[in-house]
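Right, one structure below, let's go through it.
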2 protein chains.
Amino acid sequence: MIDAAGLRVMKAIADEGSFTAAAASLGYTQPAISQMVRRLEQRTGTVLVERIGRNVRLTEAGRVLARHATAVLAALDAAEEEVAAIAGLRSGRVRLMAFPSASATLVPRALALVKQRFPDVSISFTEAEPPESLAALKAGECDLAVAFAYEGTDLGRGEEDLDAFVITPLLDDEVRLAVPEGHAVAEQETVDLADLAGEPWIAGCPRCRGHLLQLTHDAGFRPDVAYETEDYVAVMGLVAEGLGVALIPDLILRTVHHEDVVALPITPASRRAIMAVTTPDLQRVPAVKATLDALAESARGQSRAPTVRAPEPAFSI
Amino acid sequence: MIDAAGLRVMKAIADEGSFTAAAASLGYTQPAISQMVRRLEQRTGTVLVERIGRNVRLTEAGRVLARHATAVLAALDAAEEEVAAIAGLRSGRVRLMAFPSASATLVPRALALVKQRFPDVSISFTEAEPPESLAALKAGECDLAVAFAYEGTDLGRGEEDLDAFVITPLLDDEVRLAVPEGHAVAEQETVDLADLAGEPWIAGCPRCRGHLLQLTHDAGFRPDVAYETEDYVAVMGLVAEGLGVALIPDLILRTVHHEDVVALPITPASRRAIMAVTTPDLQRVPAVKATLDALAESARGQSRAPTVRAPEPAFSI
DNA sequence: CGATCCTATAACGTCACGTTATCCGCCGTG
DNA sequence: CACGGCGGATAACGTGACGTTATAGGATCG
């Protein structure tokens, strides 16, 4: 019934003392004010203005509206400013999720970039494997997820509705074979997995294990999985002690070193794609977009070879 | 840029959890909400709603708007209610002015009527002679004035712009001659002023004195004004002591009695018109209208003969 | 896999709310 | 007292915001 525009007009009249002055102060013409007051009066069923001679004075009801106008307009301005702050990256909160090995450098560097560029944007970060992070994204508990997919597989458990997501490839991560120093294949330029059919294997996370099974199956054997652990430091230790061999993504090798372990390219080459995932709506939120850009930039610095490519994902996902 | 309607919509979405439910709760159709959100989003340049599957969720910016909506809508409702209270006579303040002798019964009775009917309407009351009360009305320091005009004169000092006022006749007040008991004319039914040419006169307020001079001039003499006082109790005392005769309005005689004074009709008869004066705008203010009506009703009870007449003033004013 | 529940979009009507042009009344001034 | 300027009211009009109905599209569930 009564709206902010009406209150603004009443306040202007109260402040300026005449319709004409009020119109000027609001950037309107005088008849606009005249009609606005008339409309307000017939809506409220009340006289709001006394016309005395050639100037006007507010009635009690008019003063009531003018008085409330201050509070209402201030609250409106506050809301507007707060939204503008979010739009202008002077505020905003991003809930980021990434799988553990992305947390090592890719994510920290992106966080630092955002912090440097938009100090008032805050990012909360949670570690989660792709299936969980995508579920969180879907559930609205997360704005941006960093996930990965091995070549030939998809992001989630295989039944995700990927259409609802926007996927930005960040980098390609080559999968290498980790063997102990002095292993029979340690001096080769590259290794054919079929040569390792008899070796004990060390498997990583469930999805990595799946990938291992896929690759060995393609190579014609079933691996003897001697150990399973999600901790790559442990994997390296096990390999170093000669307890088995393992497939390890290159990205991890950059942070988890071990003197007695050699990482070799494999044949045929296998990669995993690391990508940022969000929704079309969230991607348009400035703080999310800024974080996404920072991730892409961070990834550009991470890749050994400049593997940044077209916006389309490299794999069928 | 952002208005109350938009906030109301955002709040409804936040509360209801879907566009359809929000529409229902606001009495709109679903597309109305859909479009409203779209407009808000392009105005603010911000994503306000995440569309996830077949339901929606507010973004941070959307939640900001929904949060502010509460405050803004509450303030708007408060303003509306306060104005409605004034319109509904559950509130309101009337500044009333009346000349002293109206204060005796006419005004108190009217005040009591208003108080009884509309306990929450408050009336402030100030005594003032017609010129001052009309000036106050014009200056906006008064909402309603009770004034009088002697037959053949006007309300103010003679140069008032009466078009700006709305005048409601309240009652006709006959002017009588007060003489001491036992005076030569005391037994007459009616008195011709010319018979009192040689008497000492007692004059009242300035305007009354002007009226006295007018009447005596018409009767063919100049009165010997022995005393002047605005206090009618004093006038009665002076008359009772035989120090002079005086013209006194009937209305005053009803509250100021004196055993030794006789009040007689005069020939030709002279009256003063008592009336309520306000402005067209103020007359439409409920509390003012209620007070005006109460004054008219009070006057109806005061008049000895039912002298209430057509809405037009009885005199040329 | 179809029913159902949600949102998006198109097409459209209408009213709120601006504009310009003009009139009228008040008020100060030569 | 005529006149000019200032301020408000009104008329006529254009446009855009905002609602409607009808319909399509996609997600989710039995």
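Here the structure is a predicted model, which means the values were calculated and not measured. In the text below, chain A, chain B and the rest are named by the order of the sequence lines, each starting its count at 1.
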Atom [atom1] of [X] and atom [atom2] of [N]: how far apart are they, to the nearest Å?
X	N	atom1	atom2	result
A:F165	D:dG26	CZ	C1'	15 Å
A:I13	D:dG8	CD1	C1'	11 Å
B:R57	D:dA27	CZ	C1'	14 Å
B:I52	D:dG25	CD1	C1'	18 Å
B:E16	C:dC5	CD	P	17 Å
A:N55	D:dA9	CG	P	11 Å
A:E41	C:dA16	CD	P	16 Å
A:L48	D:dG8	CG	C1'	16 Å

Task: Letter per nucleotide, 5' to 3', of nucleotides 12-20 of chain D [B base touched, S only sugar-phosphate touched, - untouched; heavy atoms, 4.0 Å] - done: -----SBBB
Task: Side chain proximity check, A:D3 to B:D3, heavy atoms < 4.5 angstrom - done: no
Open item on the list: Would you say that A:V114 contacts A:I123 through its side chain, given a criterion of any heavy-atom pair below 4.5 Å between the two side chains?
Closed with: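 Yes, at least one pair of side-chain atoms sits under 4.5 Å.
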TODO: Mind listing the residues from residues 66-84 of chain B sitting with a heavy atom below 4.0 Å of DNA chain D? Number order is fine.
DONE: none
TODO: Using only side-chain N and O atoms of A:S34, determine if any of them is under 4.0 Å from OP1 or OP2 of D:dA9.
DONE: yes
Task: Under 4.0 angstrom between B:R51 side-chain N/O and C:dA8 OP1 or OP2 - done: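 B:R51 to C:dA8 OP1/OP2: side-chain N or O found under 4.0 Å.
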Task: Summary of side chain to side chain donor-acceptor pair (under 3.5 Å) pairs that have at least one residue in residues 24-42 of chain A, sequence neighbours excluded - done: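 Output for this query lists A:E41-A:R51.
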Open item on the list: Does anything in residues 5-19 of chain B form a side chain to side chain donor-acceptor pair (under 3.5 Å)? List the pairs, not counting sequence neighbours.
Closed with: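 As it turns out, the side chain to side chain donor-acceptor pair (under 3.5 Å) pairs with a partner in residues 5-19 of chain B, which skip direct neighbours, are B:K11-B:D15.
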TODO: Could you note down all residue pairs passing salt bridge (Lys or Arg N to Asp or Glu O under 4.0 Å) where residues 282-293 of chain B supplies at least one of them, sequence neighbours left out?
DONE: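 For residues 282-293 of chain B: B:K289-B:D293.
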Review item, side-chain donor-acceptor pairs of residues 60-68 of chain B, under 3.5 Å, at least two apart:
| from | atom 1 | to | atom 2 | distance (Å) |
| --- | --- | --- | --- | --- |
| B:E60 | OE1 | A:R93 | N | 2.9 |
| B:R63 | NH1 | B:L58 | O | 3.1 |
| B:R67 | NH2 | A:E82 | OE2 | 2.5 |
| B:H68 | ND1 | B:V64 | O | 3.0 |
| B:H68 | NE2 | A:E82 | OE1 | 3.3 |

Open item on the list: Need to verify one output field. Residue with the more 5' nearest nucleotide on DNA chain D, A:A21 or A:R54?
Closed with: A:R54
Open item on the list: The test is side-chain contact (heavy atoms from CB on, under 4.5 Å); show your working for B:V146 and B:L96 and say whether it passes.
Closed with: CA-CA 8 Å; B:V146 178; B:L96 175 66; 4.2 Å; yes
Open item on the list: Working note: B:I2 + A:L76, criterion side-chain contact (heavy atoms from CB on, under 4.5 Å); need CA distance, chi angles, decisive distance, verdict.
Closed with: CA-CA 7 Å; B:I2 183 168; A:L76 273 181; 4.3 Å; yes
- [ ] Given side-chain contact (heavy atoms from CB on, under 4.5 Å), test B:I274 with B:R272 step by step and report yes or no.
- [x] CA-CA 6 Å; B:I274 297 177; B:R272 65 172 187 173; 4.2 Å; yes
Open item on the list: By the 4.0 Å heavy-atom rule, please label B:T20 as base, sugar-phosphate, or nothing.
Closed with: base
